[in-house]
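The structure appears below as structure tokens.
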Amino acid sequence: MLNLNPDASFGTPVKCSRAGCLVNAEFQVVWNNPKVHDADRRKIWLACLEHREYLVDYLSTRSFYLETLEIDHK
């Protein structure tokens, strides 16, 4: 499990990025908008289990989605 979110590395619970969701995130949805960002730039949305698929679908539709990683809460 790769940990790209600095808040997660300290065991601090992080909330899902879906608007209005207050559930702790379990996944990092990694994306990049090639029209705006350099090819090596990585943006991260945090996702709970319920909203992971929604966020991936949203980004995939726009060809922004790169990968989903589990958050290591240790």
Side-chain angles (χ1 to χ4, degrees):
M1 286 181 263
L2 184 60
N3 186 355
L4 297 176
N5 183 336
D7 292 335
S9 65
F10 297 106
T12 303
V14 289
K15 301 297 179 198
C16 178
S17 296
R18 175 74 167 118
C21 184
L22 300 175
V23 176
N24 288 341
E26 297 295 328
F27 303 94
Q28 298 175 101
V29 179
V30 184
W31 62 281
N32 173 302
N33 180 344
K35 292 180 182 178
V36 177
H37 306 118
D38 293 332
D40 59 339
R41 175 88 186 264
R42 298 293 180 261
K43 302 286 286 182
I44 298 171
W45 283 351
L46 302 172
C48 65
L49 182 60
E50 180 181 351
H51 293 118
R52 177 182 62 177
E53 186 175 336
Y54 172 85
L55 295 172
V56 168
D57 287 347
Y58 180 89
L59 293 167
S60 294
T61 299
R62 292 154 179 79
S63 300
F64 296 168
Y65 175 74
L66 297 174
E67 65 181 329
T68 300
L69 306 167
E70 288 186 54
I71 293 176
D72 184 359
H73 290 286
K74 295 178 184 179

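Throughout, numbering of the chain's residues begins at 1 and tracks the sequence. Just so it is clear, the values below take in all heavy atoms, side chains as well, and ignore hydrogens, waters and symmetry mates.
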Heavy-atom pair with the smallest gap, counting every atom of Asn24 and Pro13: OD1-CB, 3.5 Å
Scanning both residues in full, the closest heavy-atom pair of Gln28 with Glu70 reads NE2-O, 4.0 Å
Distance, nearest 0.5 Å, that separates NE2 of His51 from SG of Cys21: 5.0 Å
If we check side chain to side chain contact (heavy atoms under 4.5 Å, CB included) with Val30, which of these qualifies: Thr68, Leu59, Leu69? Leu69
Between CZ of Arg18 and CG of Leu46, what distance do you get to the nearest 0.5 Å? 14.5 Å
Does Asp38 offer a backbone N or O that forms a donor-acceptor pair with the side chain of Asn32 under 3.5 Å? yes
State, yes or no, whether a side-chain contact exists between Arg52 and Leu49 at a heavy-atom distance under 4.5 Å. yes
Quick one: do Ile44 and Val14 end up in the same hydrophobic cluster if we chain Ile, Leu, Val, Met, Phe, Trp and Tyr together by side-chain heavy atoms under 4.5 Å apart? yes
The single option from Trp31, Phe27, Tyr54 that satisfies ring pair (Phe, Tyr, Trp, His ring centres under 6.0 Å) with Trp45 is Trp31
Heavy atoms, side chains only, cut-off 4.5 Å: are Val23 and Glu50 in contact? no
When you measure from the centre of the six-membered ring of Tyr58, is the NZ or CZ of Arg62 closer than 6.0 Å and no more than 45° off the axis? yes
